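Nothing here was measured: the structure is a model prediction, and the numbers come from that model. Just so you know, ligand 1 is whichever comes first in the structure, and atom 1 is the first atom listed for that ligand. These numbers come from the heavy atoms of this one structure, side chains and all, not from hydrogens, waters or symmetry mates.
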Amino acid sequence: MCGIVGYIGPRTAGSMLIEGLKRLEYRGYDSAGVAMMDDNGGGLQTRKAKGKIAMLENALVASPLDGNVGIAHTRWATHGQPNECNAHPHTDCKGEIALVHNGIIENYSALRKKLQSEGHTFVSETDTEVLAHLIEAVYDDTLEDAVMDALRLVEGTYGIAVVSSKDPNKIVAARKGSPLLIGLGDGEYFVASDVAAILQHTRQVVYLDDGEMAVLTRDGYHVNDLNAVRIKKGVSRIDWDLDQIEKGGFDHFMLKEIFEQPQTIENTMRGRLVESEGFSKLGGLNLSKEELQHIDRVIITACGTSWHSALIGAMMIEEHARIPVSVEYASEFRYRNPIVTERTLCIVISQSGETADTLAAMREAKRRGAKTLGLVNVVGSTIAREDDGGIYLHAGPEIGVASTKAFTSQVVALALLTLKLGRLRDMSVVKGREVAQAMMKLPEQVQEILDRASEIEKIADEFDHATNFLYLGRGFNFPVALEGALKLKEISYIHAEGYPAAEMKHGPIALIDESMPVVFIAPHDSVFDKVVSNVQEVKARGGRVIAILSEEEPSLEGKVDFEFRIPKTIDMLYPVLAAIPLQLLAYYIANKRGLNVDQPRNLAKSVTVE
Ligand code: F6R
């Protein structure tokens with residue numbers, strides 16, 4: 001999704017802005033641009049390019065900019081084609097104001113008509129351009145006053161950064177519904193939509209909240225609301241390391257993140273699992289024992305991969321804590337009339353903590369009286385700051401667009417929560433210990449699977465020309481089937497579907513022939529025998545079967561085409577282990593097809609628009 005970075009200070013802004021944009025590439029974009037106050041008397045200048053940041057770099061080589069105040073942007077098209085003209089920054093009629101924007105201006109059409117009738121000339125098809133003209137129209141004294149006046153007329157969402165040659169030593173930034181933070185360097189200041197853009201330069205950040213505006217000068221910064229009332233903000237320290245946002249010898253971030261999972265799972269559990277007592281300590285829940293016992297219904301809401309972990313969490317909680325759980329697509333939740341009471345716990349799962357639909361669903365659940373609990377990876381993200389309590393995943397930055405390590409950490413965090421809720425209810429200490437002991441083994445077991453990644457690579461060799469895939473699983477492994485299919489389709493562009501294995505005979509079986517690979521997730525759990533019958537149904541119709549089995553099962557040789565073994569665990573934790581070979585399979589197939597695994601077409605890392 002769109003990215004913003006800005007710089008003001010003593011250093012040359014250009015290279016820092018480009019480097020910041022490169023750190024944001026992972027979010028997905030289709031064009032990029034930069035605006036700088038040119039020190040050589042050129043005033044405010046912009047350079048833009050369609051396509052990759054390298055194209056913008058070429059534009060800057062052909063026509064260099066020099067200065068130490070600037071803003072830059074990666075655009076993911078919403079209104080108007082991805083082309084140079086629609087790329088940000090956008091400027092006013094005189095080219096004295098330049099602005100970058102994430103979000104959507106909902107009343108842009110009315111504003112544009114009004115501004116056109118007043119004589120403003122528009123050059124792009126974007127909603128963003130109205131903001132530049134609006135600021136021009138109301139400009140009177142300072143840039144910040146004009147931005148405040150303009151934003152009062154705007155409906156929609158925005159994270160913006162603005163510069164102007166009329167007030168040249170300043171960046172004004174404002175936020176409503178689209179993340180933005182200020183980086184505090186040594187005598188220099190940054191603005192960014194994502195901490196990755198500035199991590200190389202500072203770890204001290206100030207997160208802007210909705211309705212806030214920041215004014216950055218060479219001497220300092222301040223934050224106020226849109227009525228110019230100053231707001232005192234706390235400074236947060238980012239503890240991510242730079243090497244966490246670099247590839248560290250791997251060909252792709254996705255592969256690196258798959259291989260990080262023994263460590264990230266460990267990090268999710270660290271200090272939280274009390275093995276001997278079979279329970280978990282979750283400091284951030286902000287719910288007393290009585291409040292936790294008072295809960296009579298759980299709703300889990302999320303999107304995409306996080307929704308898949310929600311399905312697994314629902315089964316865990318119902319089975320072990322005996323609380324009814326429903327799982328809701330965040331995008332649907334607020335458009336119906338869900339049953340929510342003050343005894344409802346709404347669990348919100350989001351890697352980024354910024355997904356617009358998930359955030360809106362959480363706000364709706366809160367409005368209806370539920371307590372909200374965020375399972376979030378990105379510290380300081382909007383969901384993490386607005387929920388009533390939370391469990392941070394501690395999986396470290398996830399840069400690959402396809403979510404991998406966040407998924408396994410989500411499942412582990414849900415298992416921790418299940419222990420907490422279960423042990424406050426029916427779950428015995430013996431059962432609690434069994435779960436805790438199985439959880440402790442996960443990092444080592446994931447490592448064991450990763451050590452055999454080459455086996456999956458060989459299987460991938462057979463299937464990189466497939467055009468369709470079916471993923472089947474039952475019980476806890478049905479959501480894993482959905483997740484395996486999602487991973488494959490998003491990075492390899494092969495059509496893939498996940499189904500509960502037994503559901504196959506109600507329709508998808510019609511698709512099975514020798515060109516249809518079918519992945520069975522069939523560890524030795526309580527439904528294993530049933531899944532073997534489903535395998536036979538596929539083989540009888542000529543389908544090619546890849547089976548993910550657990551180590552204690554007899555071989556299905558003769559019944560399946562490829563077997564991959566995962567270590568033995570308890571039913572509710574098989575999703576953590578079974579997901580790993582499926583992530584690898586998707587990765588190797590996409591890589592063999594020569595695709596850009598880390599930045600698949602049309603996808604964005606965090607979807608901050610509805
Ligand atoms: C799939 C993927 C997406 C996200 C979804 C929710 O690999 O990454 O489906 O899971 O956009 O994102 P978060 O978890 O950031 O709310």
Side-chain angles (χ1 to χ4, degrees), residues 1 26-28 76 178-179 193-196 252-255 257-258 261 264 268 300-313 327-333 346-363 372-384 386-387 390-393 395-411 413-414 471 479-480 482-494 496 498 579-580 582-587 590 595-610:
M1 203 110 285
Y26 78 98
R27 303 182 70 93
W76 189 80
S178 205
S193 54
D194 179 328
V195 72
H252 294 101
F253 282 110
M254 182 179 175
L255 192 61
E257 287 158 9
I258 292 173
Q261 287 174 104
T264 51
T268 307
I300 316 184
T301 186
C303 303
T305 286
S306 301
W307 187 80
H308 297 155
S309 69
L311 293 175
I312 298 163
V327 177
E328 304 270 358
Y329 280 115
S331 54
E332 294 293 316
F333 180 70
C346 179
I347 301 173
V348 179
I349 308 182
S350 175
Q351 186 287 129
S352 62
E354 300 293 354
T355 302
D357 286 322
T358 312
L359 177 60
M362 181 179 84
R363 287 177 177 160
T372 57
L373 189 68
L375 264 62
V376 171
N377 192 35
V378 178
V379 176
S381 57
T382 310
I383 291 176
E386 288 193 18
D387 58 19
I391 308 175
Y392 273 126
L393 303 180
E398 190 178 68
I399 307 289
V401 163
S403 189
T404 52
K405 61 179 181 173
F407 173 76
T408 46
S409 282
Q410 286 164 353
V411 177
L414 285 159
Y471 286 73
V480 183
L482 296 177
E483 176 59 8
L486 178 65
K487 284 296 83 95
L488 186 73
K489 75 181 115 183
E490 68 185 332
I491 60 169
S492 73
Y493 317 145
I494 295 174
I580 314 287
L582 302 190
Q583 294 168 351
L584 288 167
L585 185 66
Y587 171 81
L595 297 168
N596 184 345
V597 175
D598 282 334
Q599 289 159 37
R601 69 182 177 206
N602 306 338
L603 288 177
K605 183 62 185 162
S606 79
V607 184
T608 50
V609 291
E610 226 193 292

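The protein atom (non-hydrogen) at minimum distance from atom 11 (O) of ligand 1 is V607 CG2, 4.2 Å. Atom 3 (C) of ligand 1 has as its closest protein heavy atom T305 N, 4.1 Å. In this structure, atom 15 (O) of ligand 1 lies nearest to the protein heavy atom S352 OG, 2.7 Å. At the shortest separation from atom 6 (C) of ligand 1 among protein heavy atoms lies C303 O, 3.3 Å. Nearest protein heavy-atom contact of atom 16 (O) of ligand 1 is T355 OG1, 2.5 Å.
Shown in contact with S350 at under 4.0 Å from a heavy atom are these atoms of ligand 1, numbered in order with element: 13 (P), 14 (O), 15 (O), 16 (O). Close approach to S306 involves these atoms of ligand 1, each under 4.0 Å from a residue heavy atom: 10 (O), 13 (P), 14 (O). Within ligand 1, the atoms closer than 4.0 Å to a non-hydrogen atom of A402 are 7 (O), numbered from 1 in the order shown. Close contacts between ligand 1 and K487 involve ligand atoms 1 (C), 7 (O) [criterion: under 4.0 Å to a heavy atom].
The minimum heavy-atom distance between L482 and G498, with the atom names listed, is CD2-O, 3.5 Å. Considering every non-hydrogen atom in both I491 and V597, the closest pair reads CG2-O, 3.6 Å. The two atoms that bring G390 and L373 nearest to each other are N-CD1, 3.6 Å, heavy atoms only. When every heavy atom of N377 is checked against every heavy atom of L393, the shortest pair comes out as OD1-CB, 3.6 Å. For the pair L486 and G304, the tightest heavy-atom approach, listed with the atom from each and the gap, is CD2-C, 4.2 Å.
Counting heavy atoms closer than 4.0 Å to ligand 1, residue E490 contributes side-chain atoms (C-beta onward) but none from N, CA, C or O.
Salt bridge status for R363 with E386: present, with a side-chain N to carboxylate O gap under 4.0 Å.
Of the polar atoms of V401, at least one N or O is found under 3.5 Å from an N or O of ligand 1, judged by distance alone. At least one N or O atom of S403 sits closer than 3.5 Å to an N or O atom of ligand 1.
If you check the side chains of S306 and Q410, you find a donor sitting under 3.5 Å from an acceptor.
Between W307 and Y329, the angle of the ring planes stays under 30°, which puts this pair in the parallel group of the 30/60° scheme.
In this structure, the side chains of K487 and T305 come closer than 4.5 Å at one or more pairs of heavy atoms.
Residue E354 places no heavy atom under 4.0 Å from ligand 1.
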